[in-house]
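Reviewing the structure listed below.
These numbers come from a predicted model, not from an experiment. Lettering of chains follows the sequences in order, A, B, ..., and the numbering in each one begins at 1.
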There are 2 protein chains.
Amino acid sequence: MTMTEETEGSAAGLAEANLHAFAELLFFAYRDFTGDPDAILKDFGFGRAHHRVLHFVNRHSGLRVADLLDILNITKQSLSRVLKQLIDQGYITQKAGAADRRQRLLYPTDRGKALAKRLAAPQLVRLRAALAAAGPEAETAIRRFLEAMINAEDRPKVSAITTPAALQADRNDEGKPS
Amino acid sequence: MTMTEETEGSAAGLAEANLHAFAELLFFAYRDFTGDPDAILKDFGFGRAHHRVLHFVNRHSGLRVADLLDILNITKQSLSRVLKQLIDQGYITQKAGAADRRQRLLYPTDRGKALAKRLAAPQLVRLRAALAAAGPEAETAIRRFLEAMINAEDRPKVSAITTPAALQADRNDEGKPS
DNA sequence: TGGATTATGTCAGCCATGTTGACTTAATAC
DNA sequence: GTATTAAGTCAACATGGCTGACATAATCCA
């Protein structure tokens, strides 16, 4: 307050300094969110890229390579490098699609599931604590916030992924708890 | 609700699938949050690393190199590479510290301010829209959420940075608007 | 005063992960 | 039976992390 400047405060016209603070908080939050698994990954000779691939294959098993490329927004050559390592080292397996045998559907092995779980654990702890800290009512608001941060054209795709038992619907397979 | 499964709902014991959804939303949100400036940076031959450096120098002008290393969590060799380019190309200037002349305090030039502003613009638009989408009450909750996502030991430091007119307090200098 | 410490910079090399472009193979579509 | 599609591969390159070693100047301190 006081100060010169426009000092706004309405929901739609938030003070610019405030928005900058959110930008920085998001940066630090993401930095630390990825920090825990990064440390574990080093013990396996893997990097964050492996984590991302393993995560999505584990959480959405049976997805196609093209799905993964679409989700990660990287080239197939980039994906290829890490995916190959994960397959070679027995964390992920491929299976030809039933309807279209050109497709290589990706599945986590038991080993892959175990690693995915281990990598996710500290992140889930962190998220649980952060959501608790935000307050009981906050969950919906935070979800809406994060969804609105995503490019509008990608939101349907992301919703399909992050909403219980979608995506899988058209590719059958499980919505099994764990 | 309904559904089979364990379907918890308490604040402290959120359903695991729900937490995984938050993890993925955070991934997509951050991906797109950084996407806009990344595109602009390419036109300048810069990358995301330059953006981060320029952002913090611009928002917290007069910080020391050591501050920047601490904030970014990278080595001085990594920082050096991008900082040097930003200095050589006239986006950032250095000034020896008044009290301790070993320090090189970092300031944005007019050119640097202009680029920082241009890079921030789409991010601020996105954040404003996302906060609006989350609802008027949500701002505080989201801030608490993001703060709680940060490593506990770093929170004081981050608060000092993201809270209006702190940090600068002990290094005098401006809290000047624009 | 002079040696230790600190703030910063720099050289050299390595690694992870992104990119583009070109090309192959196998399966599907029409 | 040709065109298209899904996936894989080779090669080269860019960015931005990293470690290790060392240099310079300024400050601290005994």
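Counting non-hydrogen atoms under 4.0 angstrom, A/Gln85 reaches nothing in the nucleic acid. Counting any heavy atom pair closer than 4.0 Å across all strands shown, A/Arg81 reaches a base atom. Here A/Asn73 lies in heavy-atom contact (under 4.0 Å) with sugar-phosphate atoms only.
Put simply, B/Gln94 has a side-chain N or O that comes within less than 4.0 Å of OP1 or OP2 on C/dG9. The phosphate of D/dG8 has neither OP1 nor OP2 within less than 4.0 Å of any side-chain N or O from A/Ser80. Considering only side-chain N and O atoms, B/Thr75 lies under 4.0 angstrom from the phosphate OP1 or OP2 of D/dC18. Here B/Arg52 does not reach the OP1 or OP2 of D/dT15: none of its side-chain N or O atoms lies under 4.0 Å away. Distances shown here put every side-chain N or O of B/His50 at or beyond 4.0 Å from the OP1 or OP2 atom of D/dT15.
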Please step through side chain to side chain contact (heavy atoms under 4.5 Å, CB included) for the pair B/Asp154 and A/Phe28, ending with a clear verdict.
CA-CA 9 Å; B/Asp154 288 348; A/Phe28 290 116; over 6 Å; no
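Side-chain atoms of A/Gln123 and A/His55 include no donor-acceptor pair closer than 3.5 Å. Checked by atom type, the side-chain pair A/His60/B/Glu24 shows a donor-acceptor distance below 3.5 Å. For the residue pair A/Arg128/B/Asn18, the side-chain donor-acceptor check at 3.5 Å is not satisfied.
Taking atom CZ on A/Arg48 and atom P on C/dC15, their separation rounds to 20 Å, with Å as the unit. Between the CG atom of B/Leu41 and the P atom of D/dT15 there is a distance of 12 Å, given to the nearest Å.
When distances are taken from the side chain of A/Gln103 to each of D/dC18, D/dA6, C/dG18, the shortest belongs to D/dA6.
Salt-bridge check for B/Arg143 with B/Glu139: failed, with every basic side-chain N at 4.0 Å or more from each acidic carboxylate O.
Relative ring orientation between A/Tyr91 and A/Phe44 is described as perpendicular, the plane-to-plane angle rising above 60° on a 0-90° scale split at 30° and 60°.
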With B for base contact, S for sugar-phosphate-only contact and - for none (protein heavy atoms under 4.0 Å), nucleotides 20-30 of chain D reads BB----BS---
